[in-house]
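Here the structure is a predicted model, which means the values were calculated and not measured.
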Amino acid sequence: MIVENSLLRSNSMSELRVRFAPSPTGYLHVGGARTALFNWLFARKEGGTFILRIEDTDVERSTKESLDAILEGMKWLGLEWDEGPFYQSDSFPLYKEYVQKLLDAGKAYKCYCTAEKLDAKRTLAMQEGRKPKYDGTCRERGVLPDGRPYVVRFRAPQNGVTSFDDLIKGTITFPNEELDDLIIQRTDGTPTYNFCVVIDDATMRITTVIRGDDHVNNTPRQVQLYEALGFPVPQFAHVPMILGTDKARLSKRHGATSVIAYRDMGFLPEALINYLVRLGWSHGDDEIFSRDEMIQKFDIHNVGRSASVFNTEKLLWLNAHYIKNGDPERLAALLLPHLSSREVTTLGGPNLVAVVKTLQERAQTLEEMAGRAVFYYNTPVSYDDAALAKFDKEQLLAVFAAVTAKLSSVPANDAAGIDALFKEVCSENGWKMGQVGQPVRIALSGGTQAPGIGEIVVTLGVEETVRRIQKAQEFVSAK
RNA sequence: GUCCCCUUCGUCUAGCCUGGCCCAGGACACCGCCCUUUCACGGCGGCGACACCGGUUCAAAUCCGGUAGGGGACGCCA
């Protein structure tokens, strides 16, 4: 029975297992988000399992705030994980066990060199132009009497090469002389990163390690550890870095890098995801991908080998695209926080969904949309003087009077109907649309950048429209 | 310094594995025109790249070698 079940299971689910393993020492940044996305996509595409693991072995720098920020970012982007989050700090005894195993097998040894001494040697080596690797002082020294602090080092092979086939970069080979005996356990008994990843990836049965480019140099050491421990070596896929405009590694000084910051700036998660997936990965000339299309078309082999520059302009374009084509109801809900941060309340004002509809083609971000929506809820307290100055006083007053009269006498309930009324006003008085539309627009919104007249009037309502025109009328005649 | 990786329009990229269809295609941005009551949307067009040098070949963005440039790593950080 059990056998049958597992067979059934392996038919629907592949054995493929991937993980995203951030360390909780900061927020989720766009680079990490893209790595997570590629992992997620790979798992979804192949019917595998996506695991979230928190690498918090650095007790000093790991914080709860960072952890929450990462989780929040993942959820906002919709990168749901199948297992975890697992915490490395929960597995300290396990790591210890494996360290002991290596020690017993003579594949690791205790090193009594002090951090200060090592630092000095490292600096000296760098200065002399040598590779700053461990000189192996304790490699053959044997165990010293109790009480002296020590770290545990992995006894790495000194000859030959270590290589692996990277799914993105191809075969990568390192001469073993380049690799030194890395520390796997600190003086305080805690395990180090390179050791933990190997144990975790092995015990979690990770089949494919997809991670940032900056880890390629760690990979040969990890491969050696897998081999020393007798674990199968997983496949590796190293995705290139994301750079700033100056081609240097993306960092805070290039502007926002936090996923949550993009949310707060009014970006839609589907826009960021779409942008990120195209950074490094492509499917022919396609630019717009829904989640399902992404999953369907994703192939790790189509990830490029070179680093890419983060370009906000294109992100903006994608965001505008998704706003334009988005569901107004949803957008309205997402817009609310951007409105309240401007102290705008929609209470008693026009229907927000209707407002959103008039703004969808006019905003690149929700922030921008909120800015453009303000006039609907706050009657203009001043008018664009330069725009108003293009018309003389008499003309303005005549237009305002004619429009108010028309609006009050003839009912119209959609934008097209309202526009028709304005055309009537024009033809009845021999005016051009520009002479009528613009003054009214200014009266209603305070400025010239606004949706179509018909759209504004309909969403504002005729009553409020007339009220605003009369207010403008008073303003103009008082001049 | 040493090792590893990378190099097509300003940017993201297609093409490269399986040379000729590529005097290199798409997208963002930019410029111009059209549409238009403003702002936008949209449509059309333009600008613009195979890092460099050699080699192989009838033929190279595509294969080989070198050079230059960029990035990454070299922690008792991850």
Side-chain angles (χ1 to χ4, degrees), chain A residues 21-25 55-58 60-62 88 111 113-115 118-119 122 125-133 149-153 166 169-170 172-175 177-180 182-188 190-194 196-197 212-220 238 240-241 243 245 247-249 275 278-288 301-302 304-318 320 324 359-364 372 384 387 419 422-423 426 432-442 445 447-454:
Chain A
S23 65
T25 52
E55 313 232 311
D56 57 352
T57 50
D58 185 348
E60 295 288 302
R61 298 199 304 152
S62 299
Q88 288 192 321
C111 169
C113 298
T114 62
L118 292 171
D119 277 344
R122 194 160 29 235
M126 286 276 235
Q127 275 168 0
E128 291 178 356
R130 287 179 293 126
K131 180 101 182 166
K133 61 178 220 176
Y150 63 88
V151 299
V152 177
R153 281 185 189 271
D166 194 279
K169 295 180 180 276
I172 299 178
T173 305
F174 286 81
E177 307 123 62
E178 290 300 323
L179 281 15
D180 60 0
L182 84 163
I183 293 173
I184 58 177
Q185 189 180 85
R186 302 184 183 98
T187 309
D188 64 3
T190 58
T192 58
Y193 165 75
N194 276 112
C196 298
V197 252
D213 217 349
D214 46 340
H215 286 285
V216 289
N217 295 278
N218 289 326
T219 309
H238 288 97
M241 305 269 86
L243 312 176
T245 326
K247 304 259 187 175
R249 188 183 186 144
Y275 178 71
R278 278 288 289 107
L279 210 54
W281 175 79
S282 61
H283 182 271
D285 288 337
D286 299 351
E287 295 288 352
I288 307 288
H301 296 101
N302 287 129
R305 291 165 301 278
S306 54
S308 33
V309 174
F310 193 89
N311 180 211
T312 314
E313 297 294 326
K314 189 155 185 182
L315 208 208
L316 238 18
W317 171 73
L318 279 164
K324 221 178 301 164
L359 263 16
Q360 277 180 283
E361 292 197 336
R362 298 177 163 82
Q364 290 193 296
R372 287 174 178 267
D384 184 334
D419 283 335
F422 274 79
K423 291 221 170 71
C426 284
K432 289 207 155 97
M433 198 45 151
Q435 295 172 277
V436 180
Q438 201 65 332
V440 173
R441 189 188 322 282
I442 297 166
S445 73
T448 61
Q449 299 186 14
I453 285 291

Picking from B:G72, B:G26, B:U11, the nucleotide nearest the side-chain atoms of A:M241 would be B:G72

Heavy-atom side-chain contact between A:P24 and A:S62 under 4.5 Å: yes

Whole angstroms only, please: what is the CG-C1' distance between A:D286 and B:U13? 12 Å

Value in whole Å for how far the P atom of B:C5 lies from CG of A:L243: 18 Å

So if I take every side-chain heavy atom of A:H215 and compare against B:A78, B:G71, B:C4, which nucleotide ends up nearest? B:A78

Base, sugar-phosphate, or nothing for A:T57, non-hydrogen atoms under 4.0 angstrom? sugar-phosphate

Give me the distance, rounded to whole Å, that separates B:A49 from B:C28 when you measure between the C1' atoms they each carry. 16 Å

Under-3.5 Å donor-acceptor pair between A:Q127 side chain and B:G1 base: no

Heavy atoms under 4.0 Å, any strand shown: does A:L279 hit a base, just sugar-phosphate, or nothing? sugar-phosphate

Taking OP1 and OP2 of B:U2, is either one under 4.0 Å from a side-chain nitrogen or oxygen of A:R122? no

Under a 3.5 Å cut-off for both distances, is B:C23 Watson-Crick or wobble paired, and to whom? none

With a cut-off of less than 4.0 Å, is there a side-chain N or O of A:K314 near OP1 or OP2 of B:U13? no

Closest of B:A14, B:U37, B:C76 to the A:A115 side chain is B:C76

Between A:E178 and A:P175 (side chain of the first, backbone of the second, donor and acceptor by atom type, cut-off under 3.5 Å), is there such a pair? no

Between B:U56 and B:C50, how far apart are the P atoms? Round to whole Å, please. 24 Å

Rounded distance in Å - CZ (A:R305) to C1' (B:U13): 12 Å

Watson-Crick or G-U wobble partner for B:C74, using a 3.5 Å limit on both distances? B:G1

Between A:D180 and A:S282, the residue closer to the 5' end of RNA chain B by nearest nucleotide is A:S282

Can you check each nucleotide of nucleotides 39-53 of chain B against protein heavy atoms at under 4.0 Å and return B for base, S for sugar-phosphate only, - for none, in 5' to 3' order? BBSS-----------

So which nucleotide does B:A29 pair with, by the Watson-Crick or G-U wobble rule with both distances under 3.5 Å? none

Strictly by modelled atom types, are A:T192 and A:N194 linked by a side-chain donor-acceptor pair under 3.5 Å? no

Among B:G1, B:C12, B:C4, find the nucleotide with the atom closest to the side chain of A:R278. B:C12

Give the rounded distance in Å between these two atoms: CG of A:D213 and C1' of B:G71. 8 Å

Sidechain-backbone polar pair: A:R372 side chain, A:R362 backbone, donor-acceptor under 3.5 Å: yes

Integer angstrom distance from the P of B:C16 to that of B:C63: 10 Å

Answer for the Watson-Crick or wobble partner of B:C39, both distances under 3.5 Å, is none

Shortest non-hydrogen pair, A:Q435 vs A:K432, comes out as OE1-N, 2.7 Å

Whether the side chain of A:R278 engages the backbone of A:H283 through a donor-acceptor N/O pair (distance < 3.5 Å, no angle test) should be reported. no

What nucleotide among B:C76, B:A73, B:U38 has an atom nearest to a side-chain atom of A:D214? B:A73

Taking the side chain as C-beta and beyond, is there a heavy-atom pair between A:T114 and A:D119 under 4.5 Å? no

Relative to the ring of A:F310, is the ring of A:Y275 parallel (under 30°), tilted (30 to 60°) or perpendicular (over 60°)? perpendicular

At under 4.0 Å between heavy atoms, what does A:V151 touch on the DNA or RNA strands: base, sugar-phosphate, or nothing? base

Would A:K169 and A:D213 satisfy salt bridge (Lys or Arg N to Asp or Glu O under 4.0 Å), going step by step from the backbone distance to the final call? CA-CA 10 Å; A:K169 295 180 180 276; A:D213 217 349; 3.3 Å; yes

When both hydrogen-bonding distances must be under 3.5 Å and the geometry is Watson-Crick or G-U wobble, what is B:U18 paired with, if anything? none

If the glycosidic angle sits within 90 degrees of zero it is syn, else anti. Tell me which applies to B:C41. syn

Work out how far the C1' atom of B:G72 is from that of B:G32, and round it to whole angstrom. 43 Å

For atom C1', what is the distance between B:U2 and B:U18, given to the nearest Å? 37 Å

Among the nucleotides B:C76, B:U37, B:U2, which one has an atom lying closest to any side-chain atom of A:R441? B:U37

Starting at CD1 of A:I172 and ending at P of B:A73, how long is that distance when rounded to a whole Å? 14 Å

Report yes or no: does A:K131 contribute a side-chain atom to a donor-acceptor pair with the main-chain N or O of A:E177 at less than 3.5 Å? no

Can you measure A:F422 atom CZ to B:U36 atom C1' for me and round it to whole angstrom units? 16 Å

Roughly how many Å is it from CD1 in A:I442 to C1' in B:U38, rounded to a whole number? 8 Å

Closest to the A:N217 side chain: B:C4, B:G71, B:U11? B:C4

Taking the C1' atom of each, how far is B:C47 from B:C31, in whole Å? 7 Å

With a 4.0 Å cutoff (strictly under), does any side-chain N or O of A:T25 reach OP1 or OP2 of B:A78? no

Phosphate-side-chain proximity, A:S308 and B:U13, N/O vs OP1/OP2 below 4.0 Å: yes

Of B:G25, B:C5, B:U2, the nucleotide closest to the side chain of A:K169 is B:C5

More 5' along RNA chain B: A:R249 or A:H283, using each one's nearest nucleotide? A:H283

Rounding to the closest angstrom, what is the interatomic distance between B:C30 and B:G19 at atom P? 40 Å

Could you work out the separation of B:C17 and B:U7 based on their P atoms and round it to a whole Å? 14 Å

Determine the contact category for A:S445: base if any of its heavy atoms lies under 4.0 Å from a base atom, sugar-phosphate if only primed atoms, P, OP1 or OP2 are that close, otherwise nothing. nothing

In terms of side-chain heavy atoms of A:P132, which of B:C74, B:U37, B:A78 is nearest? B:C74

Paired with B:G54: which nucleotide, if any, by Watson-Crick or G-U wobble criteria at under 3.5 Å for both distances? B:C64

Check: A:T448 and A:D384 side chains under 4.5 Å, non-hydrogen atoms: yes

When the distance from CD of A:E178 to P of B:C3 is rounded to whole Å, what number comes out? 6 Å

Considering Watson-Crick and G-U wobble pairs with both distances under 3.5 Å, what does B:C47 pair with? none

Donor-acceptor check, side chain of A:D166 to backbone of A:H238, threshold 3.5 angstrom: yes or no? yes

